[in-house]
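Residues: numbered from 1 along the sequence shown. Reckoned from all heavy atoms, side chains included, excluding hydrogens, waters and symmetry mates.
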Amino acid sequence: MGAIGWGTSPHIRCASLLLIPKMLGKEGRLLVLGYALAAIYAGPAANLRHNLNEVIASLGCTVELQINNTRAAWRVSTAPLRAVFKDLLGSKESLKAETQNISSAFEDLDAQVKSETGYSPEDAKGLEDTDQGKETRGAPHIRLHLSTQKLYELKTKLRCSHVVNQGILSCRRWFQRKHEQCMESIWVPLLKHLLCLPMKFKFFCSIAKVMEIWCRNRIPLEGNFGQTYDSLNQSIRSLDKEFSAKIDIKEEKRAGLLGLNTSWEHVSTEVRDYVERQEARLEWALELLRVLLSCTFLMVLRASFSYMDSYNQDIRFDNIYISTYFCQIDERRKKLGKRTLLPLRKAEETAVIFPCKPTIQASEMRNAVTELLETLPVLLLLVVLCFLDWVLYSVFNTIRQHSFLQYSFRSSHKLEVKVEGDSMLARLLRKTIGALNTSSDIGVETNNMPCLPQPVCLDARAYWRATLPIVLLICLCLAQAFGYRLRRVIVAFYFPKREKKRALFFYNELLRKRAAFTQLRRAAILRRAREQRAPRHHVVDILHHRCPLLHRWLRRRCVVCQAPETPESYVCPTPDCEAVYCQSCWDDMRQRCPVCTPREELSSSAFSDSNDDTTYAE
């Protein structure tokens, strides 16, 4: 179909060649924009996503590592205790035999504590009279109202008093016996009574009562003897029961701040699923963008046919070029002595395009600036993503370099309990406390190297791949002006007669505008003159007087062509006017100021409607 169209229709051939300049214009930029977005997604965006996933995985791994280390430390620290209980359970039968022997041996101690020997009821009655507020009428009453500690203290006091009383009686008997011996040994009547008189001092024996006071105030008995005896008695009775040991470990889970009992694994899974869903949506959007970009060629082809149709149907469409035929018309009129247009005035040059000039002209500059501003968001997106990627890589790399942790848990102990003796209690203690004779030397060493984030840094080639489409997009914005000039050349080649009509129309249009140049430009000139007469800000005046380097940008401009003021510029001498004109524009105004000249005195030969002016085709 393309070959048939090329062979039979000049419209097909023209539209096909118009694809080249159109690819340098808006449609081509749309295609490059799709590649730029794809490059940004495949470069900084993908790397940013990878680094964020690494951080999420690192956090999950770190928490899991902490849990595992805590679990290992708990197991290592409780291993000796579990071994002790295991040994105790293993020696259950032997412990039963030992406890039976201890129970039989404890009966002697129990009989000794409960014994009432060593004191007489008279001593108990005497002590009853001296104790304050204590009802101790015999041992049965003592046993009913006092604890074991008080009971044994009272028995000890009674025994002490009994010993003291017996000592006093022995002392008196000794004095009596010595007095009798003395009287028998000395036969002189008066002398024997005198010498044996000291043997009658039996009252010295009462000094032993001091010991009774000491026994009552400072009884040589431990304060916790009764409690210890009761505990031991209860323990001995419990030894007859079955010996068993059991270890229960209960794990308590605490709810979070919001009352949710959510584990880290669940949170990590939810975050990972959310990221994957967002990635799937982004992938779907990119696939849709690729499908739309595949249809860009149809848009370019349609734009080519649209430009060709508008060129042939609308004589004002994109008719602003000073073409070769335009120059030939002006040269022919010059030879005939008629009014010519070339060279154009400064104010007229802003509305036309010279195709052979290698610079972007005023009519093209506005469109180029607009296209560059439309490119700015994509450029900012690239800069922001690259900056974020670099910042995150720097942060994560710093974390990786300075967050290495070496977990070292060492448990070393050697416990040795020696129980000497051959008694049954010693053997029981060797069976029980002797199980604590354990020694261990355990070491656990781990590190968080597998859990550290492993960020990836984009190399220069990746940055170039992401930047090159943006650079190409900016170059297309600048090359669009030259590509659009090529459109007219291609269409003029296939439709030369139409091009001559357009050039002739454009020449006549400029002639009519020049004839009414002053009146057509009067509104703009009046507006600019009012702006010049408006008082400048005092800061601008200060800068104008104190900064000579800024005079170039603070100078007044021509009210016609906006050229900066020069010494050759003309300033209207009319009061309250002072409009500035460059020399060429003053000549074009026929040396009459449109600002202060009445409208009726200006030329009124213009009959062109400004709404029908030729425009630049985008």
query: Arg485 versus Tyr321: any side-chain heavy-atom pair under 4.5 Å?
result: yes

task: Would you please indicate if the ring centroids of Tyr307 and Phe317 are separated by under 6.0 Å?
output: yes

- line: So ring-ring contact (aromatic ring centres under 6.0 Å, His included) across residues 1-45, not counting sequence neighbours, yields His11-Phe495

- prompt: Is it true that a side-chain atom of Arg333 and a backbone atom of Lys338 form a donor plus acceptor pair closer than 3.5 Å?
  reply: no

message: Keeping Glu364 on the side-chain end and Gln361 on the backbone end, is there a donor-acceptor pair under 3.5 Å?
response: yes

- prompt: So do Leu344 and Ile322 actually touch side chain to side chain, heavy atoms under 4.5 Å?
  reply: yes

task: Taking the side chain as every heavy atom from C-beta outward, state whether Glu27 and Arg302 have any atom pair closer than 4.5 Å.
output: no

message: Measuring from atom NZ of Lys497 to atom NZ of Lys501, what distance do you get when rounded to the nearest 0.5 angstrom?
response: 8.5 Å

field: Geometric cation-pi criterion Arg502 and Tyr311, 6.0 Å radius, 45° cone
entry: yes

task: Work out which heavy atom in Asp314 is nearest to a heavy atom in Arg498; give both atom names and the distance.
output: C-NH2, 3.7 Å

message: For a quick test of reading the model, state the closest non-hydrogen atom pair linking Cys572 to Cys596 and the distance between them.
response: SG-SG, 3.6 Å

query: Are any non-hydrogen side-chain atoms of Phe506 and Leu510 less than 4.5 angstrom apart?
result: yes

